[in-house]
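Since the structure comes first, as structure tokens, the remarks are kept for the end.
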Amino acid sequence: MKIFVTGATGFIGSAIVREFIDAGHRVLGLARSDAGAKSLIAAGAQVHRGDLKDLESLRSGAAISDGVIHTGFIHDFSKFAENCEIDKHAIEALGAALEGSGRPLLVTSGLATVAQGWTPTEEDAPLPPSPAYPRASEATAEKLLKRGVRVSVVRLPQVHNTVKQGLVTYAIALAREKGVSAYVGDGLDRWAAVHVLDAARLYRLALEKQEAGARYHAVAEEGVPFRDIAEAIGRSLKVPVVSKSPEETAAHFGFLGMFVGRDLIGSSMQTQARLGWRPTGPGLITDLDQAHYFAAEQTA
């Protein structure tokens with residue numbers, strides 16, 4: 001199969017590119033820069049120039065492919081609502097190119113889109129987009145499904161290795177800036193996690209299955225207490241670990257305040273059963289404890 005991948009030069013996308021090529025598929029990767037194009041060529045992929053705002057580039061890439069994986073997202077949280085809108089239009093454009101073809105589209109979402117108060121499963125529908133959390137990836141996918149697009153969704157937790165760790169990467173930068181690693185209250189809110197290579201393998205299995213309307217949870221650890229995460233950051237950066245009150249959350253964490261203090265958890269039992277997916281990578285805390293470059297950067 002020839003797979004068109006948006007976000008192909010990013011942290012998760014680049015791992016997906018390698019996973020598909022190693023499995024014998026051809027990959028067409030979206031690249032907006034010369035550096036991105038060179039990295040795709042080095043990985044053995046073909047290059048499709050464009051970006052998430054260039055809807056024609058998305059439509060044309062999807063039109064010449066056997067399937068599409070959408071992992072691209074602009075991670076500028078100062079313009080989160082605007083970037084969620086860009087994501088929505090990108091998914092619509094990809095779906096329009098695939099409509100009526102029977103070719104699969106795999107859309108990326110997150111556990112933050114699922115209701116709180118229990119451990120969500122794949123059967124739990126997403127919350128509707130709102131001003132508090134405007135990301136509409138799944139809502140857009142559901143509209144495409146009703147139009148006959150063979151679309152399915154992967155919900156991601158914190159995706160990690162020893163270099164990046166999802167939202168935890170921003171928490172690390174914040175701890176370095178403020179000189180303390182913080183959590184909220186007792187710090188028992190939990191974040192699910194998965195190693196990046198396990199996540200990449202799930203994308204391949206899900207795309208190969210081509211099950212319309214499916215939701216998959218790329219979850220290896222259902223919930224790591226945020227206090228444990230903050231303590232791991234404190235160890236790596238050699239800074240104090242402190243508790244912040246709920247009232248201090250917004251002032252201390254900034255945009256991260258919409259996530260910190262919340263359970264971003266999920267079960268992957270159904271995903272594992274349906275795809276035969278078994279995560280084998282190291283856990284989030286293990287990767288954080290091995291990422292000694294944090295301390296090196298602080299003293300450089």
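Each of Leu275, Leu156, Val153, Leu205 was compared with Tyr216 under the side-chain contact (heavy atoms from CB on, under 4.5 Å) criterion, and only Leu275 meets it.
Residues Trp277 and Leu111 fall into different hydrophobic clusters, defined by Ile, Leu, Val, Met, Phe, Trp and Tyr side chains chained together at heavy-atom separations under 4.5 Å. Cluster annotation: Leu94 and Val47 are assigned to distinct hydrophobic clusters (Ile/Leu/Val/Met/Phe/Trp/Tyr, side-chain heavy-atom contacts under 4.5 Å, transitive). Under the 4.5 Å side-chain heavy-atom criterion for grouping Ile, Leu, Val, Met, Phe, Trp and Tyr, Met258 is not connected to Ile74 through any hydrophobic cluster. In the hydrophobic cluster analysis, where Ile, Leu, Val, Met, Phe, Trp and Tyr join through side-chain heavy atoms closer than 4.5 angstrom, Leu105 is grouped together with Phe4.
Side chains of Ser236 and Asp289: no donor on one and acceptor on the other come within 3.5 Å. Counted by atom type alone, Asp124 and Trp118 present one or more donor-acceptor pairs between their side chains at under 3.5 Å. His70 and Thr6 share a side-chain donor-acceptor pair at under 3.5 Å. A donor-acceptor contact closer than 3.5 angstrom links the side chains of Thr271 and Glu122.
Checked for salt-bridge contact, Glu231 and Arg227 meet the test: a charged N lies under 4.0 Å from a carboxylate O. We find that Glu211 and Arg274 are joined by a salt bridge, their nearest charged nitrogen and carboxylate oxygen being less than 4.0 Å apart. Between Glu99 and Arg150 there is no salt bridge, since no side-chain nitrogen of the basic residue lies less than 4.0 Å from a carboxylate oxygen of the acidic one. For Arg262 and Asp189, the salt-bridge test fails: no basic side-chain N is under 4.0 Å from an acidic carboxylate O.
Taking CG of Leu167 as the reference point, atom CG of Leu174 lies at 12.0 Å (rounded to 0.5 Å). The NE2 atom of His252 sits 11.0 Å away from the OG atom of Ser245 when rounded to the nearest 0.5 Å. For the atom pair Ile64 CD1 and His48 NE2, the distance stands at 6.0 Å (nearest 0.5 Å). If you take OG1 on Thr169 and CD1 on Ile233, they are separated by 9.0 Å, rounding to the nearest 0.5 Å. Distance CZ/Arg204 to CE/Met1: 11.5 Å, rounded to 0.5 Å. Rounding to the nearest 0.5 angstrom, the gap separating the CG atom in Leu197 from the CG atom in Leu202 is 13.0 Å.
Residues passing the side chain to side chain contact (heavy atoms under 4.5 Å, CB included) test with Glu56, sequence neighbours excluded: Asp54, Arg59, Ser60. With sequence neighbours excluded, no residue satisfies ring-ring contact (aromatic ring centres under 6.0 Å, His included) with Tyr203. Shown here are the ring-ring contact (aromatic ring centres under 6.0 Å, His included) partners of Phe73, two or more places apart in sequence or in another chain: His75. Residues satisfying the ring-ring contact (aromatic ring centres under 6.0 Å, His included) criterion with His25, sequence neighbours excluded, are Phe20.
Considering all non-hydrogen atoms of both residues, Leu40 and Val17 come closest at CD2-CG2, 4.3 Å. Taking all atoms of both residues into account, the shortest heavy-atom contact from Asp34 to Arg49 is OD1-NH1, 3.0 Å. Smallest separation of non-hydrogen atoms from Ala37 and Ala31: N-CB, 3.8 Å. Shown here for Thr119 and Ser267, the closest heavy-atom pair between the two residues is CG2-N, 3.6 Å. Taking every heavy atom of both residues into account, Leu144 and Gly95 meet most closely at CD1-CA, 3.8 Å. Heavy-atom minimum distance, Ala62 versus Leu98: O-CD2, 3.9 Å.
Ring centroids of Phe80 and Tyr133 are separated by less than 6.0 Å, placing the two rings close together. If you look at Tyr170 and Phe253, their ring centroids are not closer than 6.0 Å.
Within the structure, side chain to side chain donor-acceptor pair (under 3.5 Å) pairs that include any residue of residues 151-160 comprise Glu138-Arg155, Arg155-His217, His160-Asp287 (at least two apart or interchain).
More than 12 heavy-atom neighbours from other residues, nucleotides or ligands sit within 6.0 angstrom of NZ on Lys178.
Listed by chain and number, the hydrophobic cluster partners of Val242 are Val180, where partners are ILVMFWY side chains within reach of under 4.5 Å, directly or through others.
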